[in-house]
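Pasting a structure here, questions to come.
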Amino acid sequence: MSSQEKTEILNAPEQPREREQRYDAQKIEQKWHQRWQQKPELYRAEPPNSARKKYYVLEMLPYPSGALHMGHVRNYSIGDALARFMWMKGYNVLHPMGWDAFGLPAENAALKNNTPPREWTLQNVANMKRQMNRLAFSYDWDTEITSCLPDYYKWNQWFFLKFFERGLAYRRKSKVNWCPECATVLANEQVVNGCCWRHEETPVEQRDLEQWFLRITKYADELLRDIEVLEGWPEKVRTMQRNWIGRSEGAQVEFQIENTADKVSVFTTRIDTIFGATSIQLAPEHPLVSRLIGNDPDLLSRLDELINDQRMAREAGDPNALEKRGFFTGTNAINPFNQEKIPIWIANYILMEYGTGAIMSVPAHDDRDYEFARKYGLEVRIVILPRRHEHGTQQDPALPYTAMDSLLINSGEFSGLGNHEAIKKMTQFAEQNAFGKGTVTFRLRDWGISRQRYWGTPIPMLYCDKCGIVPVPEKDLPVLLPEKVEITLQGGSPLSRVPEFVNAKCPKCGGVARRETDTMDTFVDSSWYFYRYTNAKLRTAAIDSKAVEYWFPIDQYIGGVEHAILHLIYSRFWTKIMRDMGLIKNSEPVERLFTQGMVIKNGAKMSKSKGNIVSPDEMVERYGADSTRVYALFAAPPDRDLDWQENGVEGVSRFLAKVYRLVTRYANFTGERSTKASAGSRELERKLHQTIRRVSSDFDGRWHFNTSIAAIMELVNAITAADAQIASGAITAAQIRSTMRSLVLMLAPFAPYIAAELWETLGEQSPILRATWPQFDPELAREEEVEVPIQINGKNRSRIVVPVGLPEAQVRELALKDEKIRSLIEGREVAKVIVVPDKLVNIVVR
RNA sequence: GCGAAAGUGGCGGAAUUGGCAGACGCACCAGACUUAGGAUCUGGCGGGUAAAACCGUGAGGGUUCGAGUCCCUCCUUUCGCACCA
């Protein structure tokens, strides 16, 4: 600045408007974008020996589909605001980003555009990275991971081998969910309403295939138990996981089949009702079925119908759509508790996958059994009654009666017991007599990870005619995915048609071996990626245990609720195995989880078919990154759905322009223009500290950034309102400058570009990201006077201004003396006066 | 069917603990500045009234001096689960 300019400013503070500048978002953002591209170390965390306290903030990594959508922008704007805030609070912040880069869309794109999946994916990565940088998300790209590159997926393979060694990965033939659209298998978690999670209109089919599974059921109990520890997770997600794991305690009881040596085992949670069992119901696919019905053509065709029913129900996704039906096999079983013969039926409402695939049917005390029994005229026998019938009149309860607060009747020696006691004693009885035992059943199934696709991590296994299944030796990793592969959506894995890939040598006997051609589910990639971030370039191991020990658990994880069960349960599972392998010490990966709401437009989810997609690039081009980001946080609290309205973005843009004018206008005020603290100056100071309080506490607690930003807007309005006093010198230049400084600091987590620009305008040299968050002073935020409404019978009738903290008695006195109030209560009896200090007075009159 | 969340102006949303309903923003209206305004500034803006009164937080009831907030019943929307024995 020339000395002439300086003189000008000193001499002419009374005409500040001449110095204000127009806000040109594009120009400012280009300038800082370029600077920041050259200073990536700005976002780099310090090594684990840092004196700062660590803070690991993580957003879910995207699938590189081509371009960011508004959901990403929102997700990452939340995370970035937090990361920047934590930097300014003095933490050592790890804020990484990566790419969930394997997956079917790359193959579809390859088919459509004739571009190899790798090329297509990496192009998308480059584009989305450009968008992220343009939006100024503060990622440390030094820790970037890309799951489709061998230096990452090598470790998927390594983990797989370790799991195999530990018996946690195994192969078996099983009925699998097959999506004809994807031409591959889906995990149970990926089946939504009987359809594919990616193709919501495509019903999944059942097929029999040899598959690799991970034994997640081994951790079912721990995964369930530790949900209790996850206090920083939304209750909704915890509930969803509990339901998904679906633990239920009960008993298995074996029923002898009449005239044979065979037994049928049933699972029940209500062994206390076993004296009410009037039939056995088998799943149509139960292994005993063929023996029971032989080759009776009539029964076989009825069996087919039941199997068909189940398939249809699965595809419809609505069990109520299916009417229960079944038939008698002609054979009876014997109830081990009372030696009673009961018929064995086959029914379409019994699932082979759950429990033992067979139940004892107790129509009186189970909704489904009741419905079925009524239809077929099976006996309904009441064996429990509500407790109130203990003495007095016996009246049958409404059926089916399933309450646990009841007493047994007609149950031999167990009659008279309460349910809970009966369950205990009857289970014991079954164990003593060796026809049953207490068991726990889970809904959770082992995780099938085989996919008959090309674009994924090759499963590092070999099949040798002599040695059978042989793992690829660790030293031969990675098993590279071949580059030149013809992609088709039929006939199993494309890899099976690449001889160079398939043909291999058996590492055991040196003979001819065939490579596994299935690849891994991409949820494998995302199950442990956040560990890799802590030392992403490590070549000698999957993770750096020391670094993990410093950074974990993740302090804050942010993403969509759609991953509540899939990704988030697999990640927890993976963590527990890694702990058991001695790689890490933590048992859970994520301390706090935040699930943000969806971005919608005109009340509907954005989608191509609805044509209501808002492109981030377009927003950034039109209004700038800052406005886009601030709007994404301002329009709704982050956990709720957000309706994207473009004139809202415009409003935010106007607000930023106002801030820009304001700060540039007053930035160069120098020297004391007043020494007396005026009332206006005190008021502005108070407003500033109230704002600091609100914004800071929103970061600490509720994350309602919409109200934080509203508070900042109020502060800006207050400064504007104080304009006359600033011009007249009633507010000191020093105060204006420090107010501007705090304002800019508070804006920095939300709108980093304009904040950096104005920071410089205010004469600051060092990066605002390393500046200290404004200090809140409760003394300065305190109001001195407060306006108190006076109510009569709960209706506002007058108001008085009193000093804050004025004792109750005095407030009461002032209220009763108030002119308006006196005239209104004249001649009426005051029954009661309620005084809430600093809040209100309510006079109750009759 | 079961479970959870939500329902507040024309719109997005405020109201941390039972204490002035509608902060902040959008839209709209009026005015100022202006050659001009899709810039900026000022004012207005739940319904109602000339002004008041009065009525207003999905509906109905309750507790309380006082309810958007607590309790009960119901309605609507969204999400999750869904023959799990």
Side-chain angles (χ1 to χ4, degrees), chain A residues 17 20 22 192-193 234-237 239-240 242-244 246-248 250 266-270 273 281 283 310 313 317-322 324 347-351 353-362 366-369 371-372 441-444 561-562 564-565 597-598 600 603 630-631 634-637 639-652 654-655 657-658 661 694 697-698 701-702 704 706-714 716-717 720-721 723 786-796 799 831-845:
Chain A
R17 273 179 198 81
E20 80 180 33
R22 206 176 67 81
V192 180
N193 288 334
E235 200 45 55
K236 178 183 165 129
V237 174
T239 306
M240 282 167 76
R242 274 189 207 105
N243 292 341
W244 187 260
R247 182 180 197 272
S248 81
V266 306
F267 175 72
T268 178
T269 55
R270 295 297 302 270
T273 63
Q281 302 288 340
Q310 291 200 331
D318 178 13
N320 297 327
L322 182 74
K324 290 182 183 34
N348 64 358
Y349 71 99
I350 309 301
L351 304 172
E353 309 89 81
Y354 187 77
T356 61
I359 63 151
M360 61 175 201
S361 172
V362 184
D366 181 280
D367 296 310
R368 298 148 300 179
D369 295 345
E371 184 189 336
F372 191 84
T441 299
F442 291 92
R443 209 189 81 115
L444 185 72
V561 74
E562 66 273 18
I565 29 190
M598 283 192 308
I600 57 179
V630 171
Y631 178 73
F634 176 65
D639 53 337
R640 288 242 284 258
D641 285 354
L642 180 160
D643 199 279
W644 195 272
Q645 292 181 12
E646 200 164 323
N647 48 24
V649 191
E650 223 170 295
V652 166
R654 272 205 291 272
F655 161 67
K658 191 169 169 181
R661 280 194 307 274
R694 282 177 65 183
S697 73
D698 267 335
R702 299 189 310 161
H704 280 198
N706 54 329
T707 59
S708 315
I709 293 164
I712 297 173
M713 288 173 168
E714 283 185 54
V716 169
N717 291 345
T720 310
D723 192 72
V786 64
E787 198 183 33
V788 173
I790 306 170
Q791 304 183 333
I792 293 177
N793 291 342
K795 306 237 180 229
N796 287 354
R799 33 188 61 231
K832 207 174 183 185
V833 180
I834 289 116
V835 179
V836 185
D838 301 341
K839 289 281 185 193
L840 99 175
V841 177
N842 188 12
I843 301 166
V844 185
V845 299

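Side chains included, hydrogens not; waters and symmetry mates left out as well; all remaining heavy atoms used. Sequence lines set the chain letters: A, B, ... in the order given, protein chains first and strands last, and positions in each chain run from 1. Fair warning: this is a prediction, and the values are worked out from it, not measured in the lab.
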Check: A/Ser361 main-chain N/O paired with A/Asp366 side-chain donor or acceptor under 3.5 Å: no
Polar side-chain contact A/Lys324-B/C83 base: donor and acceptor under 3.5 Å:
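Looking at the base of B/C83, it does pair with a donor or acceptor on the side chain of A/Lys324 (distance under 3.5 Å).
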Original post:
Among the nucleotides B/C20, B/G80, B/C54, which one has an atom lying closest to any side-chain atom of A/Met240?
Top reply: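 Minimum distance to the A/Met240 side chain belongs to B/G80.
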With both distances under 3.5 angstrom, what nucleotide forms a Watson-Crick or G-U wobble pair with B/G68?
->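 Pairing partner: none.
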Of the listed B/G12, B/C41, B/G13, the closest approach to the A/Gln645 side chain comes from B/G12
Worksheet item: Side chains of A/Lys658 and A/Asn717: donor-acceptor distance under 3.5 Å anywhere?
Response: yes
Heavy atoms of A/Gln310 and A/Ala347 approach each other most closely as NE2-O, 4.3 Å
field: C1' spacing across the pair B/U76 / B/C83, given as an integer number of angstrom
entry: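 So the two C1' atoms sit 28 Å from each other.
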Winner on side-chain proximity to A/Thr269, out of B/G25, B/U40, B/A85, is B/A85
Taking syn as any angle within 90 degrees of 0 and anti as the rest, which one fits B/G9?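 Here B/G9 takes the syn form, which means its glycosidic angle is within 90° of 0.
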Side-chain contact check for A/Phe634: nearest option of B/G25, B/A27, B/C54 is B/G25
Among the nucleotides B/G19, B/A85, B/U40, whichever has the atom closest to the side chain of A/Leu840 is B/G19
Answer for the Watson-Crick or wobble partner of B/G22, both distances under 3.5 Å, is none
Hey, is the side chain of A/Asn842 pairing donor to acceptor with the base of B/C65 inside 3.5 Å? yes
Task: Separation between the C1' atoms of B/G13 and B/C81, rounded to whole Å - done: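 Rounded to whole Å, the distance is 31 Å.
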* Considering only the P atoms, how many Å lie between B/A15 and B/G61, rounded to the nearest integer? ->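 Looking at atom P only, B/A15 and B/G61 are 29 Å apart.
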